Colleague: 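Below is one structure. I have some questions about it.
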Protein chains: 2
Amino acid sequence: MSDEKIKNITIADIAADLGVSKTTVSRAMSGKGRIGQKTRNNVLEYIKLHDYKPNIVAKGLAQSRTYNIGVVMPVDYNMMDLTFFQECLLGIEEIAGLMEYDILLAYNKDNDISSLERIVNNGKVDGVILMRTFINDPQIEFLKQKNIKFVTVGSSNYTGVIQIDHDHKNACKELTSVVLMKCSGTVALLGGDMNHVVSQNRLKGFYEGYETVGKSADMNLVDINIENNIMLDKKVEEALEQNAECILCMDDAICVRVLNKLHDLHKKVPKDVKVASFYNGIMLENYVPSITSLSFNTKELGIVTGRTIIDMIEGKSVAQKTLLPYEIVLKESTK
Amino acid sequence: MSDEKIKNITIADIAADLGVSKTTVSRAMSGKGRIGQKTRNNVLEYIKLHDYKPNIVAKGLAQSRTYNIGVVMPVDYNMMDLTFFQECLLGIEEIAGLMEYDILLAYNKDNDISSLERIVNNGKVDGVILMRTFINDPQIEFLKQKNIKFVTVGSSNYTGVIQIDHDHKNACKELTSVVLMKCSGTVALLGGDMNHVVSQNRLKGFYEGYETVGKSADMNLVDINIENNIMLDKKVEEALEQNAECILCMDDAICVRVLNKLHDLHKKVPKDVKVASFYNGIMLENYVPSITSLSFNTKELGIVTGRTIIDMIEGKSVAQKTLLPYEIVLKESTK
DNA sequence: CTGAAAGCGCTTACAG
DNA sequence: CTGAAAGCGCTTACAG
């Protein structure tokens, strides 16, 4: 066994073997340009027989393309986010593979975008997916200035940015109104960092949910921007003191903490207080009692995001904002 | 703003502007071949001034390289593994970036290696890192047959495979002997799928730990290949019935389950029984009482793995097997 | 319908 | 010390 990689067969080899020009071989494969049916079949047959794989890098160079898409992963995640990103990435990879694209990874740690800069400055990607964005986002600034095509997972307040997201606002609106039907009265809302666009949308949906039943939220029971878990625990106690019949949690992490606190206080769910979450997540999955929550398909989010950036790369026009559907999963916790 | 990517400056532009040949520019950058000091500085200055970045793809084509390394991630992970893989990947990315390489992602789901096949058949990578391998591994078969350079994270029983791992065997040996010092008598060992090479090494270390104190393990207290959590719970009870003074757990997932079971049985750690784990992990981190365990630096594992595959790509010789150090962290649970 | 030639942006013998 | 030319493996006007 030699130490070298096996030398791959090239388009020139095929041309020589078949007694045609490289042009013809190229055309047979791409389907572009006129070519005789017989000639074409000949080439295709040869390719199949010899299991020829064109060198995508060379193809890319000739077309000023790379057939790579850059994906920027955040590093400062917590456990729950990790599974979200992984699953989304899986969706991206799946669709990319089908379209003959590959994923080039970059990381974003504390808004250090050097990793992103490298892959785009080195011309290694045709487009970029940002897995997480911020209100003021150096990634977006950089990509705009470089005029590179990109898509964001989740909503962004930047103008002109193509974004794919679940329809959090309407999801929260609907869940809120469903819960309001069950608890004739006081519903508390806890958690949510308003620096995140998604939190803003959830809050909006919450208010709109109230509107649908002709009421308006009791602002004493809405506690956002809770700084830490200790604060959160206190907010749970306060909600109970104000006789909240149901606690809505901004996301699954909040919800787990709330449930633990209720457990410590010997409050039974749903007998003493109902609980629901605006986001499903792995930690909520096997909780007893089962927890009512919104349910989003993360892998699908990845697939749609991947398809969108590839469409953009290939010159198709795409929607400025794509909102994916959601499900409301009613479980024991709001019975 | 045009719809096109900004056209990058090329080596030809520099050559024209400076009135030298492309050869000279190339040489100035690479440092290869003879070139006058003054000419060289001229070029370098121009490059810095205009912030020129060579097109790595073109460079790669000319050198039959890609400056990409493929990383194959497993998909059938559980939560705990996920953080391991993420952190390892982070290490790989860090060193790759420093060496001007990038990460191309592939997935391995149920030993479907089509994703891996695509990136190597398409000539998109110079080498591959396998994040997880199996006793009979189609990934390894494929890469060997293709004669592509690759490295595995963790140990493999295949011959001739370059592997990077923590020194699990000696780590387990040392922890076992430390624990034996504290519990003059009966130590139980629970968990570990013997289809995994790492489990085999841990078990070996466990036995060797006994040897160091001149004893041999009580086989009634060694329970490996435990099929599920129910079984595991039963094994915990059995260990207690046999008056085990300490329970050693093969990994953190096992350990968490064991701790929960002990909690249910109202057994106090370490008063009623001591506990230690052969692997640290996120779920063990904040446990009360704090848990004695082996501690491994996962990011470092990634860094070393990345450096190794790059060394191989660049023709340097590397060790067949690299074993990284470990730490024994004594905590409350074995007091 | 097919091919010769130029080009994508680099590197690298070869020659001077 | 420097440059003209060929080459990496493709694509694509252009010409016939």
Side-chain angles (χ1 to χ4, degrees), chain A residues 4-44 47 50 52-68 100 120-126 314-315, chain B residues 4-44 46-47 50 52-68 100 120-126 314:
Chain A
E4 289 306 302
K5 277 193 292 189
I6 292 165
K7 198 189 163 315
N8 287 312
I9 161 176
T10 75
I11 207 172
D13 300 326
I14 303 179
D17 273 20
L18 254 34
V20 298
S21 73
K22 293 190 294 172
T23 312
T24 300
V25 177
S26 175
R27 274 202 277 256
M29 301 176 54
S30 68
K32 291 181 198 161
R34 305 187 65 75
I35 184 174
Q37 194 52 247
K38 222 186 72 190
T39 325
R40 171 142 204 242
N41 288 145
N42 247 319
V43 174
L44 260 23
I47 285 175
H50 291 75
Y52 164 72
K53 308 280 179 189
N55 180 322
I56 301 292
V57 177
K59 178 180 176 182
L61 184 59
Q63 298 179 138
S64 297
R65 303 265 300 271
T66 64
Y67 293 94
N68 287 155
E100 294 287 312
V120 341
N121 285 334
N122 283 348
K124 280 203 167 181
V125 294
D126 298 331
E314 302 194 336
Chain B
E4 291 304 303
K5 278 194 292 188
I6 293 166
K7 201 189 161 315
N8 286 313
I9 163 175
T10 76
I11 207 172
D13 299 328
I14 303 178
D17 272 21
L18 254 36
V20 298
S21 71
K22 293 191 293 172
T23 312
T24 300
V25 177
S26 175
R27 273 202 278 255
M29 301 176 54
S30 68
K32 293 179 196 161
R34 306 187 63 74
I35 184 173
Q37 195 52 247
K38 223 186 75 192
T39 325
R40 171 140 205 245
N41 288 146
N42 248 318
V43 176
L44 261 23
Y46 183 102
I47 286 176
H50 295 265
Y52 163 73
K53 309 279 179 187
N55 180 322
I56 302 293
V57 177
K59 176 180 177 182
L61 184 61
Q63 297 179 141
S64 299
R65 303 265 300 272
T66 64
Y67 293 94
N68 287 154
E100 292 288 312
V120 340
N121 284 335
N122 283 348
K124 279 202 167 183
V125 294
D126 297 332
E314 303 194 335

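Please read these numbers as outputs of a predicted model, since none were measured by experiment. Throughout, a chain's letter reflects where its sequence line sits, starting with A, and its residues are numbered from 1.
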Colleague: Let's see if you can work this out: which of C:dC8, D:dG9, C:dC10 has an atom nearest to the side-chain heavy atoms of A:S64?
Modeller: C:dC8
Colleague: Name the residue from A:I47, A:I14, A:D17 that meets the side chain to side chain contact (heavy atoms under 4.5 Å, CB included) definition with A:I9.
Modeller: A:I14
Colleague: Send over the distance from B:D13 CG to C:dG9 P, rounded to a whole Å.
Modeller: 9 Å
Colleague: Separation of A:M29 atom CE from D:dT11 atom C1', in whole Å?
Modeller: 11 Å
Colleague: Restricting to non-hydrogen atoms, name the atom on A:I35 and the atom on A:R40 that form the minimum distance, rounded to 0.1 Å.
Modeller: CG2-CD, 3.9 Å
Colleague: Examine D:dG3: is either OP1 or OP2 under 4.0 Å from a nitrogen or oxygen in the side chain of B:T24? Give yes or no.
Modeller: yes
Colleague: Rounded to the nearest Å, what distance is computed from the CD1 atom of residue A:I11 to the C1' atom of nucleotide D:dG7?
Modeller: 16 Å
Colleague: Roughly how many Å is it from CG in B:L61 to P in C:dG7, rounded to a whole number?
Modeller: 17 Å
Colleague: Tabulate protein N/O versus nucleotide N/O from nucleotides 13-15 of chain D, keeping only pairs under 3.5 Å, one per line.
Modeller:
none

Colleague: Please check the phosphate of C:dC10 (OP1 and OP2 only) for any side-chain N or O of B:Y52 closer than 4.0 Å.
Modeller: yes
Colleague: Of the candidate nucleotides D:dG3, C:dG3, C:dT12, which contains the atom at the shortest distance from the side chain of B:V20?
Modeller: D:dG3
Colleague: Return no unless some side-chain N or O of A:K32 is found under 4.0 Å from OP1 or OP2 of D:dT12.
Modeller: yes
Colleague: Compare side-chain N and O positions of A:Q63 against OP1 and OP2 of D:dT12 and report whether any pair is under 4.0 Å apart.
Modeller: yes
Colleague: Under 4.0 Å between a side-chain N or O of B:S21 and OP1 or OP2 of D:dA4?
Modeller: no
Colleague: Would you indicate what A:T39 reaches in the nucleic acid, counting non-hydrogen atoms under 4.0 angstrom: base, sugar-phosphate, or nothing?
Modeller: sugar-phosphate
Colleague: In whole Å, what is the span from the CD1 atom of A:I14 to the P atom of D:dC10?
Modeller: 8 Å
Colleague: What is the distance from NZ of B:K53 to P of C:dG9, rounded to the nearest Å?
Modeller: 18 Å
Colleague: Between atom CD1 in B:I35 and atom C1' in C:dG16, what is the gap in whole Å?
Modeller: 17 Å
Colleague: For A:I56 and D:dC8, what is the distance between atoms CD1 and P respectively, to the nearest whole Å?
Modeller: 18 Å
Colleague: Do the side-chain N and O atoms of B:S26 and B:T23 include a donor-acceptor pair separated by under 3.5 angstrom?
Modeller: no
Colleague: For DNA chain D, what is the dot-bracket line, given that a base pair needs Watson-Crick (N1 to N3, plus N6-O4 or O6-N4) or G-U wobble (N1-O2 and O6-N3) geometry with both distances under 3.5 Å, and | means paired with another strand?
Modeller: |||.||||||||.|||
